[in-house]
Student: 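Sending over a structure as structure tokens; questions will come in a sec.
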Amino acid sequence: MEIVVAKSAGFCFGVKRAMNMASTCSDKAAGEIYTLGPIIHNPQVVKRLEEESRIFSRESVDEIESGTVIVRSHGVRLEEFETAEKKGINIVDATCPFVKKTQEMVALLKKEGYAVVVVGDKEHPEVRGIVSYGGSDITVVNSSEEVADMPRRKKIGIVAQTTQSIDKLEDIVSACLHKASEIKVFNTICNATSVRQKESMDLAGTVDCMIVVGGKNSANTRRLAEICRAIKPATYHIEVADELDEGWIKGASRVGITAGASTPDWIIGEVVARVGALAEPPGPKNL
Ligand code: F3S
């Protein structure tokens, strides 16, 4: 059996940067170190950080009185930043520069008088953070159908959650054309996501079975699994190697593996090794 690992599988630039910042912080910072919510959507990494680097996840800045707070790659709400500053908590801002840019675009559009539309999942912390930079009256939509309920506006400014698909952004922009005479769009979709999605789709089309590795709570990993499943119905989303079912790869001559932006190399390595152990090697090779 041939095992092919997508070249872009695993940590993206922003997550790698946040993890490096967390590691430096753990070496240098005195006192307790926290993240607001898990630093990345991967339970195994969060557990390791707690055990080995004494970095603990808290849901809100209200639960922290002193020490250091690491702002994770998808950012936090502006109010949380301000509260941490007021409390004199040391802030290490590991917000991905692409997310930061999206937050700035929202503030700019608002300042220029646009009714701001954010394309994304309104419950996702990245979106909650982005929205907070526009103050009030920001609309979050996740489909072109939701645009139908929006009132007509003079001018609409649009940004997207960094992990959204370009197709969805296009659909929503088209729908917004019927809602305002002036539309300004910033394509804030992160290139890392589209490259990973494209590579994974291409790979899914050439294999008998596709394994997508990453947190079940990771939006970008779930989306990756959806995209791969549309091409290859035999697609399975797992968090760790132990979840692999021998029946999935039975009879397969080529198995593809990809992983979300918050999946570390060591977990991908364990999955590759487990697939290899369940079948006959030749072992992994890059695309
Ligand atoms: Fe940043 Fe893109 Fe990763 S926005 S956190 S590099 S998926």
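Each ligand, and each atom within it, is numbered from 1 in the order the structure gives. Every heavy atom of this structure was used, including side-chain atoms; hydrogens, water molecules and symmetry mates were not.
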Student: Is it true that a side-chain atom of Lys155 and a backbone atom of Ser181 form a donor plus acceptor pair closer than 3.5 Å?
Tutor: no

Student: Kindly write out the residues that satisfy salt bridge (Lys or Arg N to Asp or Glu O under 4.0 Å) with Lys122, not counting sequence neighbours, or none if the list is empty.
Tutor: none

Student: Quick check for you: to the nearest 0.5 Å, what is the distance between Gln44 atom CD and Glu239 atom CD?
Tutor: 5.0 Å

Student: Counting only heavy atoms not in Glu246, do more than 12 sit closer than 6.0 Å to its CD atom?
Tutor: no

Student: Leu224 pairs by side-chain contact (heavy atoms from CB on, under 4.5 Å) with which of Met210, Arg196, Arg229?
Tutor: Arg196

Student: At a cut-off of 2.8 Å, what protein N/O/S atoms sit near atom 3 (Fe) of ligand 1?
Tutor: Cys12 SG

Student: Between Arg223 and Glu226, is there a side-chain N and carboxylate O pair less than 4.0 Å apart?
Tutor: yes

